Asker: 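Handing you a structure now.
Quick caveat: nothing in here was measured; it's all calculated off a predicted structure. All chains are named by letter (A, B, ...) in the order of the sequence lines, taking the proteins before the strands, and each is independently numbered beginning at 1.
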Amino acid sequence: MILKLKEPLNLDFTLNSGQVFNWKKNNDFWEGFVNGKKTKLKKKGANLFFKGASKSEILSFFKLDESLDEIYQSILSKSGDLLLESLFKKYRGLRILRQEPWECLISFIISQNSSIKTIRKRIETLYSLNDGFPSAETLSKLSESDFRKMGFGYRSKYVKETSEIVASGFDLRKIKGRKFDSALEELKSLPGVGDKVGKCVMLFSLDFNEAFPVDVHIENVMKKFYHRERNIQEFAVKRFGAYAGYAQQYLFFSDVF
DNA sequence: TGTTGACCTCG
DNA sequence: GAGGTCAAC
């Protein structure tokens, strides 16, 4: 199947920017999962060749319903930020994804204090449990020691407990309609979810484009270029506006890759 | 309210 | 030390 792109999309930047950990590039094809469906992608000019997920699922996954150039403009006109202006040019087509919330949540819980390579391995192990990413029900039936055997370390307890809570009715989707602070608090009530993981889940799966997750890299960037050490979320929204999360992703990407 | 150390595993 | 969280000061 072919999809005509009206929006800038760079697969290499987007799928390799630390938002997802289950995509691999083989030859010219990117292979991964969209809504639990194994999907192959290849881009040639404005054509996106795809197999697996449906067209509308792919449009949603890459948030192709949002105009990236308008987002750039919105951030730049508000902030006049020269660093971001250059990064938007350099990494044009790097997009924020709209992932499946449950998978996103578990991915970032087990990502803490880990290298990207280790994270990938853990997520691969989860996929190998059954067909596709295991549900909360499935994971809630495993024990903490099962997760330790998978190499999750002290995060095993978090995965076990969060799975139980979600399996018994905690609805991730209902968080979507909440206000920012309330949504973050709700997520942080889950074991293993702190400020950083909560905001990653909000930004990468729940459409909170103003979420500005702060990890070690962003902390350094904010210190170096913006002379900021605290209240970074507040600062980011004031400076960059409603799409602060996009600014975060470009700053992160330029620092890490 | 803010700071500090322990926590698992992998390369 | 790696894209942190939690409990104890």
Asker: If you measure from the P atom in C:dG3 to the same atom in B:dT3, how many Å do you get, rounded?
Answerer: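 Pairwise P distance, C:dG3 against B:dT3, rounds to 24 Å.
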
Asker: Of all the nucleotides listed (C:dG3, C:dG4, B:dG11), which has the minimum atom distance to the side chain of A:K117?
Answerer: B:dG11

Asker: Does a side-chain N-to-carboxylate-O contact under 4.0 Å join A:R98 and A:D65?
Answerer: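 Counted as a salt bridge, because a side-chain N and a carboxylate O are separated by less than 4.0 Å.
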
Asker: How close or far is atom P of B:dG2 from atom CG of A:N231, stated in whole angstroms?
Answerer: 8 Å

Asker: Which class fits the ring pair A:F253 and A:Y91: parallel under 30°, tilted 30 to 60°, perpendicular over 60°?
Answerer: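 A:F253 and A:Y91: perpendicular rings.
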
Asker: OP1 or OP2 of B:dC8 less than 4.0 angstrom from a side-chain nitrogen or oxygen of A:R148, does that happen here?
Answerer: yes

Asker: Considering only nitrogen or oxygen atoms on both sides, find all protein atoms under 3.5 Å from nucleotides 7-9 of chain C and state each distance.
Answerer:
none

Asker: Please classify the nucleic acid contact of A:S107 as base, sugar-phosphate, or nothing, using heavy-atom distances under 4.0 Å.
Answerer: nothing

Asker: Rounded to whole angstrom, note down the P distance from C:dA8 over to B:dC8.
Answerer: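 C:dA8 and B:dC8 have their P atoms separated by 15 Å.
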
Asker: If you compare all heavy atoms of A:S107 against all heavy atoms of A:I119, which two are closest, and at what distance to 0.1 Å?
Answerer: O-CG2, 4.4 Å

Asker: Assuming nearest nucleotide by heavy-atom distance, tell me which of A:T118 and A:V193 is located more 5' along DNA chain C.
Answerer: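 The answer here is A:T118.
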
Asker: Kindly point out which of B:dG2, C:dG4, B:dC10 is positioned nearest to the side chain of A:Y154?
Answerer: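 From the listed options, C:dG4 comes nearest.
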
Asker: What closest approach, in Å, do A:A183 and A:F208 show between heavy atoms, and which atom pair accounts for it?
Answerer: CB-CZ, 3.6 Å

Asker: Can you figure out which of B:dT3, C:dG3, C:dG4 approaches the side chain of A:V197 most closely?
Answerer: C:dG4

Asker: Which listed nucleotide (C:dG3, B:dC8, C:dT5) is nearest to the side chain of A:Y158?
Answerer: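 When the side chain of A:Y158 is considered, C:dT5 is the closest of C:dG3, B:dC8, C:dT5.
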
Asker: Judged by each residue's nearest nucleotide on DNA chain C, which is more toward the 5′ side, A:P191 or A:C200?
Answerer: A:C200

Asker: Can you measure A:F108 atom CZ to C:dG4 atom P for me and round it to whole angstrom units?
Answerer: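 A:F108 atom CZ is separated from C:dG4 atom P by 11 Å.
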
Asker: Is the side chain of A:R122 donor-acceptor paired with the backbone N or O of A:G151 at a distance under 3.5 Å, no angle test?
Answerer: yes

Asker: Between P on C:dA2 and CZ on A:R155, what's the gap in Å once rounded to a whole number?
Answerer: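 Spelled out: CZ on A:R155 to P on C:dA2 is 13 Å.
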
Asker: Measure CZ/A:F147 against P/B:dC7 and give the value in whole Å, please.
Answerer: 22 Å

Asker: Measure CD1/A:I119 against P/C:dG4 and give the value in whole Å, please.
Answerer: 8 Å

Asker: Under a 3.5 Å limit for both distances, which nucleotide forms a Watson-Crick or G-U wobble pair with C:dG4, could you say?
Answerer: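 Across any shown strand, C:dG4 pairs with B:dC7.
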
Asker: Measure the distance from NZ on A:K157 to P on B:dA6 and round it to the nearest whole Å.
Answerer: 18 Å

Asker: Under 3.5 Å, side chain of A:S156 to main-chain N/O of A:G153, donor-acceptor pair present?
Answerer: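 Yes: the side chain of A:S156 pairs with the backbone of A:G153.
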
Asker: Measuring only between side-chain heavy atoms, which start at C-beta, is A:K238 closer than 4.5 Å to A:F235?
Answerer: no

Asker: For A:Q248, answer base if it contacts any base atom (sugar-phosphate contacts may also be present), sugar-phosphate if it contacts only those atoms, and nothing otherwise; contact means non-hydrogen atoms under 4.0 Å.
Answerer: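 Touches nothing.
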
Asker: Categorize A:G151 for me: base, sugar-phosphate, or nothing, with a 4.0 angstrom heavy-atom threshold over every strand shown.
Answerer: sugar-phosphate

Asker: Donor-acceptor check, side chain of A:E7 to backbone of A:L68, threshold 3.5 angstrom: yes or no?
Answerer: yes

Asker: What nucleotide among B:dG11, C:dG3, C:dG4 has an atom nearest to a side-chain atom of A:H217?
Answerer: C:dG3

Asker: Would you say the rings of A:F152 and A:Y158 are close, in the sense that their centroids are separated by under 6.0 Å?
Answerer: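 Not under 6.0 Å, so no.
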
Asker: Measure from the side-chain heavy atoms of A:I116 and tell me the nearest of B:dG11, B:dT9, C:dG3.
Answerer: C:dG3

Asker: Give a yes/no answer on whether the side chain of A:R122 brings an N or O atom under 4.0 Å of OP1 or OP2 in C:dA2.
Answerer: no

Asker: If you find the nucleotide of DNA chain B closest to A:N113 and the one closest to A:R230, which residue's nucleotide is nearer the 5' end?
Answerer: A:R230

Asker: At 4.0 Å (heavy atoms only), tell me whether A:F252 reaches a base, stays on the sugar-phosphate, or touches nothing.
Answerer: base

Asker: Regarding A:L190, tell me which of base, sugar-phosphate or nothing describes its non-hydrogen contacts under 4.0 Å with the strands shown.
Answerer: sugar-phosphate

Asker: Side chain of A:K196, heavy atoms from C-beta onward: which of C:dC6, C:dG3, B:dG11 has the nearest atom to it?
Answerer: C:dG3

Asker: Mind checking if A:R120 touches a base, just sugar-phosphate, or nothing, with heavy atoms under 4.0 Å?
Answerer: nothing

Asker: Whole angstroms only, please: what is the NZ-P distance between A:K160 and B:dC7?
Answerer: 23 Å

